Amino acid sequence: ERNALNNRKLDRMRNLSQTNYTMFKQKLLASRYQLYINISNRTVTHYELGQRMQENQTVYVERLELLNNSTVIIGIGVWR
C-alpha cells in the first residue's frame, strides 16, 4: 500500500541502506546529500539511519505515517 509502512517495507529499507547505501540514497532522490532518517512514535524508535547535524545546517522535515496501522513520525534531514 502506498504511503503506509509495514514491517516488510521497513525491513527492505533497512537491508538496502545497510548493503547498498548509494542506491538507497538514489531511490530517495538524495544522492547528492548527507541523510538522516528517524521513524518513531516518540517513545519507540523503529528505524534510524545516520546522525543528525546541527539544526542550522540541516533541512529537517517530519511527516505522520502509518506503520502497521499505528501512527508514527518519519523525520528526514538532509545537508551537504
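Residue numbers start at 1 and run along the sequence shown. As the structure is a computational prediction, the values presented were derived from the model and not from experiment.
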V78 and Q34, any side-chain heavy atoms less than 4.5 Å apart = no
query = Are the side chain of K25 and the backbone N or O of Y33 linked by a donor-acceptor pair below 3.5 Å?
reply = yes
ask   = Under a 4.5 Å cut-off applied to non-hydrogen side-chain atoms, are M13 and L49 in contact?
value = no
task = For residues L35 and Y21, determine if any side-chain heavy atom of one lies less than 4.5 Å from a side-chain heavy atom of the other.
result = yes
ask   = To the nearest 0.5 Å, what is the distance between CG (N20) and NZ (K27)?
value = 9.5 Å
ask   = To the nearest 0.5 Å, how far apart are CD1 in I76 and CG in L28?
value = 6.5 Å
query = Members other than L64 in its cluster, when Ile, Leu, Val, Met, Phe, Trp, Tyr link by side-chain heavy atoms under 4.5 Å?
reply = I73
Contact summary for T45 and S40, nearest pair of heavy atoms = CA-CB, 3.8 Å
note = Shortest non-hydrogen pair, G75 vs Y60, comes out as CA-OH, 3.3 Å
ask   = Only one of I74, L66, N68 clears side chain to side chain contact (heavy atoms under 4.5 Å, CB included) with L5; which?
value = I74
ask   = With sequence neighbours excluded, what pairs up with R42 under the salt bridge (charged side-chain N to carboxylate O under 4.0 Å, His left out) test?
value = E62
inquiry  = Within this structure, what is the CG-CD distance for the pair L67 and E65, rounded to the nearest 0.5 Å?
reply    = 9.5 Å
inquiry  = I'd like to check I37 versus E48 (side-chain heavy atoms, cut-off strictly below 4.5 Å). Are they in contact?
reply    = no
ask   = Within a strict 4.5 Å, meaning less than it, do heavy atoms of the H46 and V44 side chains meet?
value = yes
message = Any salt bridge linking R14 with D11? Criterion: basic side-chain nitrogen under 4.0 Å from a carboxylate oxygen.
response = yes
query = Heavy atoms, side chains only, cut-off 4.5 Å: are R12 and L16 in contact?
reply = no
